[in-house]
Amino acid sequence: MTDDTIFGKIIRGEVPAEKVYEDDTYCAFKDINPAAPVHVLIVPKKPIPMLTDATQEDAALIGGLFLLANRIAAEQGIAEDGFRCVLNCGARGGQLVYHLHVHLLGGRDLEWPPG
Ligand code: AMP
């Protein structure tokens, strides 16, 4: 089944994006509407719609998302000062794109709690 989300199209190269990382398993690109000076979306190529669709089989894939966030944070120069990883799940979690992804945010002081 084709992943018809905007992220599926970016992964397939059908829609342009400012990619900062790509391998066989993951793709990472700059958010089109950045909420911080650094705002990168880290996306597994496997089209899991949302966190609640992930299974034990995806454990390494999900863990790898956060390890990749570490690497990209270092490359983007925000690892030392600190950053935030956000995974929105479902309507009330603020998820807009139903292809699982992690937001990597940094480059400014981030408030807590989020809105
Ligand atoms: P979420 O609300 O967690 O589903 O986040 C979806 C994110 O995707 C939002 O921060 C959007 O700004 C971002 N987004 C939507 N379309 C694009 C696009 N074409 N390129 C990059 N980021 C996008």
Side-chain angles (χ1 to χ4, degrees):
M1 197 177 72
T2 310
D3 171 15
D4 244 355
T5 67
I6 187 74
F7 293 172
K9 290 174 182 166
I10 288 171
I11 289 165
R12 293 194 297 276
E14 295 165 11
V15 167
E18 208 177 322
K19 290 184 182 174
V20 299
Y21 180 86
E22 184 162 21
D23 64 19
D24 289 345
T25 309
Y26 301 104
C27 185
F29 46 88
K30 295 193 177 175
D31 197 292
I32 204 167
N33 185 22
V38 174
H39 188 172
V40 173
L41 300 170
I42 308 174
V43 185
K45 290 187 174 178
K46 179 178 177 180
I48 301 167
M50 56 201 288
L51 186 60
T52 47
D53 294 311
T55 67
Q56 191 58 38
E57 185 183 290
D58 302 310
L61 187 73
I62 305 287
L65 275 175
F66 291 92
L67 294 177
L68 185 52
N70 266 346
R71 173 181 167 159
I72 295 171
E75 287 170 358
Q76 296 285 322
I78 57 171
E80 204 168 310
D81 286 346
F83 57 88
R84 184 174 294 166
C85 291
V86 173
L87 198 166
N88 296 325
C89 183
R92 290 200 90 175
Q95 186 173 5
L96 297 173
V97 179
Y98 281 79
H99 182 131
L100 187 142
H101 53 279
V102 164
H103 297 251
L104 169 64
L105 296 149
R108 67 170 171 84
D109 292 334
L110 297 164
E111 290 167 20
W112 192 263

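In each ligand, atom 1 is the first atom listed, and ligand 1 is the first ligand listed.
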Which atoms of ligand 1 have any heavy atom of [X] under 4.0 Å away?
| X | result |
| --- | --- |
| Phe7 | 8 (O) |
| Asn88 | 1 (P), 2 (O), 3 (O) |
| Ile10 | 18 (C), 19 (N), 20 (N) |
| His103 | 1 (P), 3 (O), 5 (O), 7 (C), 10 (O) |
| Lys30 | 21 (C) |
| Asn33 | 12 (O) |
| Leu41 | 8 (O), 13 (C), 22 (N) |

- Nearest neighbour of atom 23 (C) of ligand 1 from the list Leu100, Leu105, Val43, Ile32, on a heavy-atom basis: Ile32

- Item | Cluster link Ile78 to Leu87, ILVMFWY, side chain under 4.5 Å | yes

Enter the distance from [X]:[atom1] to [Y]:[atom2] here, rounded to the nearest 0.5 Å.
| X | Y | atom1 | atom2 | value |
| --- | --- | --- | --- | --- |
| His101 | Cys27 | NE2 | SG | 13.0 Å |
| Leu65 | Leu104 | CG | CG | 11.5 Å |
| Arg71 | Tyr21 | CZ | OH | 4.5 Å |

- How does Val86 reach ligand 1, if at all, at less than 4.0 Å between non-hydrogen atoms: by side chain, backbone, both, or neither? neither

- Task: For the pair Lys19 (side chain) and Lys30 (backbone), establish whether a donor and an acceptor sit closer than 3.5 Å, ignoring hydrogens and angles.
- Result: no

- Query: When you measure from the side chain of Asp53 to the backbone N and O of Met50, does any donor-acceptor pair fall under 3.5 Å?
  - Reply: yes

- Message: Pair Thr5, Asp3 - check side chain to side chain donor-acceptor pair (under 3.5 Å), show working.
- Response: CA-CA 6 Å; Thr5 67; Asp3 171 15; 3.0 Å; yes

- Nearest non-hydrogen protein atom to atom 4 (O) of ligand 1, with distance, is Leu96 N, 2.7 Å

- Around atom 2 (O) of ligand 1, find the nearest protein heavy atom and jot down its residue, atom name and distance. Gly94 O, 2.7 Å

Would one find an N or O of [X], backbone or side chain, under 3.5 Å from an N or O of ligand 1?
| X | value |
| --- | --- |
| Phe29 | no |
| His101 | yes |
| Ile6 | no |
| Asp31 | yes |
| Val97 | yes |

- Task: Please name all residues satisfying salt bridge (charged side-chain N to carboxylate O under 4.0 Å, His left out) with Arg12, sequence neighbours left out, ordered by chain then number.
- Result: Glu14

- Item | Option from Leu100, Val97, Val15 for which side chain to side chain contact (heavy atoms under 4.5 Å, CB included) with Phe7 holds | Val97

- Query: Does ligand 1 have an atom that lies less than 4.0 angstrom from a heavy atom of Leu87?
  - Reply: no

- Item | Glu18 atom CD, neighbour heavy-atom count above 12 within 6.0 Å | no

Using atom types as modelled, flag every donor-acceptor pair under 3.5 Å from a side chain in residues 33-48 to any protein atom, sequence neighbours excluded.
from  : atom 1 : to     : atom 2 : distance (Å)
His39 : ND1    : Ala35  : N      : 2.9
His39 : NE2    : Asp31  : OD2    : 3.3
His39 : NE2    : His103 : ND1    : 2.8
Lys45 : NZ     : Glu22  : OE2    : 2.9
Lys45 : NZ     : Asp23  : O      : 2.7
Lys46 : NZ     : Glu57  : OE2    : 3.4
Lys46 : NZ     : Asp58  : OD1    : 2.6

